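Remarks on the structure that follows.
Because the structure is predicted, anything quoted here is derived from the model rather than measured.
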Amino acid sequence: MKRVEVKLSLPVVAPLLDVIRELSFELEKVLAAPQALHDLDQEFRGAWIGELLEGQNEDLRALLSLFDGEFFAEGVVAFDETNAEPIVRACTAFRLQLRERRLKTLSDEALETGDIDMGGLDEAVRKAFMCYLFLATVQELIIQHLDSSIIGSSGSSQH
Amino acid sequence: MPEYRTHTRPESRASTEAQEESAWRVVVLNDPVNLMSYVVMVFKKVLGFDESKARKHMLEVHEQGRSVVWTGVRETAEAHVFTLQQWHLTAVLEPDETR
């Protein structure tokens with residue numbers, strides 16, 4: 001099984017975990033990406049959203065579980081084909097929520113390019129933006145190193 | 001159910017025969033958060049696209065705001081929309097009025 005271990009800087013990452021934990025509480029009962037489901041009847045829509053939420057919460061727990069005793073002792077987190085997929089999805093959920101709830105003052109263009117004067121941001125926004133970048137880096141790492149493992153679990157092509 | 005789906009969509013929908021027989025489109029809309037590499041990976045994973053096809057649709061989403069990524073029977077279209085939404089892409093189901 002392919003496994004990637006990453007050593008993170010504890011003083012940089014540990015403060016971001018408070019933001020991630022807050023986000024996970026916010027996302028317990030709401031979808032990170034609200035979806036238009038006009039074409040579904042009401043009962044089916046409820047079941048649909050319920051299952052999306054359940055999956056979202058499982059993914060968030062997978063990401064939070066990275067930051068366990070080993071992380072606080074060694075600063076190391078590990079990705080493999082069993083946790084890569086939920087963690088990549090969780091990063092997206094957290095990033096969507098950060099943009100929606102913490103980074104409204106920044107333009108989408110600025111978020112996309114990262115061209116932001118960090119010194120000009122207040123502490124809460126700066127921390128949220130650091131978290132946004134950190135989660136994107138985790139995603140890129142997993143996609144770069146474990147893309148084939150993630151894709152490998154899928155089956156046939158159909159289009 | 002297609003085997004490339006990661007999870008099953010909710011069951012027990014009361015659909016009409018007309019809905020099942022007509023063609024439906026799965027449309028992915030642009031969002032300012034998801035990384036291009038992420039969208040390409042999701043298209044490969046969920047829809048079974050190869051790299052170049054996944055990139056083509058990702059760029060279409062990015063530049064034109066939307067891309068029709070699949071067309072076919074409603075049940076399969078719903079399954080694709082559900083799975084794309086599990087990956088937090090904004091995906092919608094539309095009747096294919098060109099047929």
Side-chain angles (χ1 to χ4, degrees), chain A residues 31-41 43-52 54-56 58-59 85-86 88-100 103 107-112 132 135-137 139-140 142-144 146-148 150-159, chain B residues 2-16 19 24 26-27 29-51 53-54 57 62 69-72 74 76-78 80-95:
Chain A
L31 292 175
Q35 303 286 348
L37 301 170
H38 308 305
D39 245 310
L40 304 178
D41 66 59
E43 189 184 345
F44 186 48
R45 194 182 313 152
W48 183 293
I49 291 171
E51 288 209 16
L52 286 176
E54 196 179 315
Q56 177 177 284
E58 282 173 22
D59 292 345
E85 192 175 306
V88 167
R89 279 196 299 262
C91 287
T92 284
F94 284 135
R95 278 165 50 81
L96 284 162
Q97 185 74 353
L98 278 166
R99 173 182 173 267
E100 192 59 33
L103 299 170
S107 69
D108 286 335
E109 192 186 345
L111 284 177
E112 200 171 332
Y132 189 81
L135 293 165
T137 306
Q139 277 193 314
E140 289 282 22
I142 292 176
I143 292 168
Q144 191 181 339
L146 292 171
D147 188 355
S148 58
I150 298 172
I151 302 300
S153 63
S154 66
S156 61
S157 166
Q158 198 176 86
H159 183 55
Chain B
E3 63 180 3
Y4 48 80
R5 284 176 45 206
T6 51
H7 300 275
T8 53
R9 73 189 166 90
E11 297 298 342
S12 72
R13 177 179 56 84
S15 60
T16 65
Q19 280 181 328
W24 291 79
V26 176
V27 182
L29 306 179
N30 192 29
D31 72 71
V33 171
N34 282 312
L35 305 171
M36 289 184 180
S37 57
Y38 176 83
V39 177
V40 168
M41 187 205 66
V42 174
F43 284 169
K44 285 158 70 180
K45 165 84 182 169
V46 175
L47 300 161
F49 290 174
D50 60 24
E51 179 75 23
K53 189 170 183 176
H57 282 279
H62 185 65
V69 296
W70 196 87
T71 304
R74 176 157 178 141
T76 310
E78 278 181 4
H80 285 319
V81 168
F82 183 76
T83 310
L84 290 164
Q85 291 182 354
Q86 284 184 312
W87 285 86
H88 308 292
L89 297 191
T90 306
V92 295
L93 193 62
E94 286 182 357

Next on the checklist: Is there a side-chain contact between A:T92 and B:N34 in this structure, where contact means two heavy atoms from C-beta onward sitting under 4.5 Å apart?
Outcome noted: yes
Checklist entry - Do you know the tightest heavy-atom contact between B:S37 and A:I143? => result OG-CD1, 3.9 Å
Next on the checklist: As an exercise: rank A:Q144, A:E112, A:Q139 by heavy-atom pairs under 4.5 Å with chain B and give me the winner.
Outcome noted: A:Q139
Checklist entry - Are B:Q85 and A:L37 close enough, and set up right, to give a side-chain contact (heavy atoms from CB on, under 4.5 Å), and what steps lead you there? => result CA-CA 11 Å; B:Q85 291 182 354; A:L37 301 170; 3.6 Å; yes
Checklist entry - Just by modelled atom types, is the B:L89 backbone N or O under 3.5 Å from a matching donor or acceptor in the A:Q35 side chain? => result yes
Next on the checklist: Contact between A:V88 and B:Y38 at the side-chain level, heavy atoms closer than 4.5 Å - yes or no?
Outcome noted: yes
Item to check | Side chain, backbone, both or neither of A:L52 within contact of chain B (heavy atoms, under 4.5 Å) | outcome: both
Next on the checklist: Is A:L98 in contact with chain B via its backbone, its side chain, both, or neither, using a 4.5 Å heavy-atom distance?
Outcome noted: neither
Next on the checklist: Does any part of the side chain of B:H88, heavy atoms only, come nearer than 4.5 Å to the side chain of A:R95, both counted from C-beta?
Outcome noted: no
